Amino acid sequence: MGFVDDSYLLESGKAVELYDSIRDLPIVDPHSHADLNEIVANDGWNDIWEVEGATDHYVWSMMRKRGVPEHKITGDASNKEKWMALAEVFPELAGNPTYEWIHLDLQRQFGIEKPISSETAEEIWRETEAQLSTRDMRPQELLDAMDVEVLCTTDDPTSSLSEHERAADDIDGLNVCPTWRIDRAFQVDNGSWYGFVEELESATGIRTETLSGFLDAMAQTHDYFAEHGCRASDLSLTEPVSRPVSRERARTLYQRAIDGQNLTETGVRDLQAFLLEEVGKLNAEKDWVMQLHIGPVRDYRDSLYETVGADAGGDVSTQSIELTDNLRYFLNTFDNEMDIVLYTVDPTHYPSITTLSRAFPNVSVGPAWWFNDSPYGIDEQLRQVASVDLLANHAGMVSDSRKLMSFSSRFEMFRRSLANMLGDLVDRGQIPMAHAENLATHLAYDRPKSLYGFE
């Protein structure tokens, strides 16, 4: 087996057969952080740092770990200086999925097979620079070459979705859908929450100084997103809490928050629990998928947040959250009322969410997310789901990516890991090959397309 060659991650003949059966299936991506402005403008990129490093906090984290100074990561160094700094430490990134993704990008998209290092950095810079100047390497052409069929973006409720309107008019063969990302509506313990409330009022024209006005404004954006093809909401919380909270209690808490008063921890959780149920009602009415991203502790490294800002690579996971009690009220309230996808950033929570999924037919385990999005993490999660819940009910793969160049590489890593895991089950006599082939196609394409209503 050579470095990221045709046998990459495939440890048996059955795994090779299974991967061959799914490698060319179209990509359905229900969750990404793609920059739709970039896609619609279709201007392309100038250099390899723009496509591989400029927006990727995975890359930034690895560079910091190997001692690269910040000005050559997110600072004022030139793109070439940043690329050369990355290339110099790149051999030391081996074993991390970032190392594999970028090499996959070079091989699959640029046809460059040489490993990245200080010795090859200049040559790779020149070769990729030349290719990026061609029309084939512009965003829309790249997505077409990758056979991306569905691409879901992540959008604030206050977004005008103007770029989605342009995409619908100008891009053929690609279904681009917004996702109603409602994190800011729930961050009532964050100093920026009031700013969101003001933006919501401005975007909708509905007064938000009362809870009823806030809920009406949120509902209006929900309708607006639905008109633009939205199929899912998304909410990321460190620890979601659900419990019955009266409207009167929620109204009192909301008014305190609007008036600038600090809520107690119980008050914050009560208001979030109330909002979670209200969002569930909206989603159930429209048959949207409700995605819950659970467990990240964001901006944990204070100095990094203060100097670089959010989403800079200073986030961590935590084991110390409760899931079964906290989600019990919500899951029972919406039992068989809508599809719910659970993502957890800490793999120690897989046993809990797989049993929750097993208990509720409308609940699915989302793909191995963030720190788990690696061959090891994918394999571990797929085996957990298969042995406790049902592999056929796994939600499938998402890119979760901010950079288009790696979309197909991330899906390739998932599909190869899936094929290898299923091939292992075949070789051990646990399932027949025909059933493995059906499962491979189902999870690689059919399942996410059906789950999110893209059929």
Side-chain angles (χ1 to χ4, degrees), residues 31 33 35-37 55 57 60 74 153-163 178-222 224-225 233-241 245 250-276 278-279 282 291-318 321 345 370 400 402:
H31 175 69
H33 296 278
D35 182 350
L36 191 54
N37 290 323
T55 62
H57 59 78
W60 303 347
T74 63
T153 58
T154 301
D155 308 273
D156 192 87
T158 62
S159 172
S160 69
L161 301 182
S162 59
E163 295 305 319
T179 301
W180 198 55
R181 181 69 179 244
I182 51 177
D183 294 13
R184 292 206 296 158
F186 281 71
Q187 292 169 352
V188 294
D189 53 346
N190 187 303
S192 64
W193 177 76
Y194 190 79
F196 168 75
V197 175
E198 290 182 324
E199 289 178 38
L200 184 64
E201 180 173 309
S202 177
T204 61
I206 297 174
R207 301 287 295 272
T208 55
E209 68 266 25
T210 65
L211 176 64
S212 60
F214 177 83
L215 295 176
D216 287 345
M218 289 290 287
Q220 180 173 301
T221 68
H222 197 273
Y224 184 71
F225 271 58
S233 72
D234 193 9
L235 173 62
S236 178
L237 290 172
T238 300
E239 185 172 23
V241 174
V245 177
R251 186 185 302 116
T252 298
L253 293 169
Y254 184 86
Q255 201 61 52
R256 288 177 185 167
I258 284 291
D259 291 341
Q261 300 179 38
N262 291 327
L263 301 182
T264 65
E265 182 179 345
T266 299
V268 169
R269 288 179 172 240
D270 279 353
L271 185 52
Q272 289 178 337
F274 177 84
L275 293 176
L276 187 66
E278 292 299 305
V279 167
L282 293 175
Q291 301 175 108
L292 293 176
H293 283 82
I294 299 168
V297 182
R298 298 181 186 274
D299 306 317
Y300 184 82
R301 186 182 173 200
D302 294 341
S303 63
L304 187 63
Y305 178 71
E306 291 164 3
T307 56
V308 180
D311 301 322
D315 311 306
V316 301
S317 68
T318 178
I321 61 174
V345 74
W370 205 334
D400 191 35
R402 287 173 169 78

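Computed from heavy atoms alone, side chains included, the values below leave out hydrogens, waters and symmetry copies. Note that the coordinates shown come from a computational prediction; the quantities given were computed from them, not determined experimentally. Residue numbers start at 1 and run along the sequence shown.
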His293 and side chain to side chain donor-acceptor pair (under 3.5 Å): which single residue from Asp183, Asp234, Thr238 fits?
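Of the listed options, the one satisfying the test is Asp234.
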Write down the atom of [X], the atom of [Y], and the distance for their closest heavy-atom approach.
{"X": "Met218", "Y": "Thr221", "value": "O-OG1, 2.7 Å"}
{"X": "Ala203", "Y": "Thr158", "value": "CB-O, 3.9 Å"}
{"X": "Thr179", "Y": "Gln291", "value": "CG2-NE2, 3.9 Å"}
{"X": "Val245", "Y": "Phe274", "value": "O-CD1, 3.5 Å"}
{"X": "Leu211", "Y": "Arg251", "value": "CD2-N, 3.6 Å"}
{"X": "Glu201", "Y": "Glu209", "value": "OE1-OE1, 4.1 Å"}

Under 6.0 Å from the CZ atom of Arg298, do we count more than 12 heavy atoms belonging to anything else shown?
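More than 12 heavy atoms, drawn from other residues, nucleotides or ligands, come within 6.0 Å of this atom.
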Do the side-chain N and O atoms of [X] and [Y] include a donor-acceptor pair separated by under 3.5 angstrom?
{"X": "His31", "Y": "Asp400", "result": "yes"}
{"X": "Thr74", "Y": "Trp60", "result": "no"}
{"X": "Ser212", "Y": "Thr210", "result": "yes"}

Sequence neighbours left out, what passes salt bridge (charged side-chain N to carboxylate O under 4.0 Å, His left out) with Glu198? Give chain and number order.
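Partners of Glu198 by the salt bridge (charged side-chain N to carboxylate O under 4.0 Å, His left out) criterion come out as none, since no residue qualifies.
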What pairs with Asp299 under salt bridge (charged side-chain N to carboxylate O under 4.0 Å, His left out), at least two apart in sequence or on another chain?
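With neighbours one apart ignored, the set is empty.
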Please check: side-chain N/O of [X] versus main-chain N/O of [Y], any donor-acceptor pairing under 3.5 Å?
{"X": "Glu239", "Y": "Ile321", "answer": "no"}
{"X": "Ser317", "Y": "Val345", "answer": "no"}
{"X": "Gln187", "Y": "Trp193", "answer": "no"}
{"X": "Ser159", "Y": "Asp155", "answer": "no"}
{"X": "Tyr224", "Y": "Leu161", "answer": "no"}
{"X": "Asn190", "Y": "Ser192", "answer": "yes"}
{"X": "Gln272", "Y": "Phe186", "answer": "yes"}

Any residue meeting ring pair (Phe, Tyr, Trp, His ring centres under 6.0 Å) with Phe214, in chain and number order, not counting sequence neighbours:
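Here the qualifying residues are Tyr254.
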Run the salt-bridge test on Asp35 and Arg402 with the 4.0 Å N-O cut-off and return the result as yes or no.
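No salt bridge links Asp35 with Arg402.
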Measuring only between side-chain heavy atoms, which start at C-beta, is Ile258 closer than 4.5 Å to Tyr194?
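Yes, at least one pair of side-chain atoms sits under 4.5 Å.
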Contact check, side chains of Val279 and Ile182, non-hydrogen atoms, under 4.5 Å:
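Yes, their side chains come closer than 4.5 Å.
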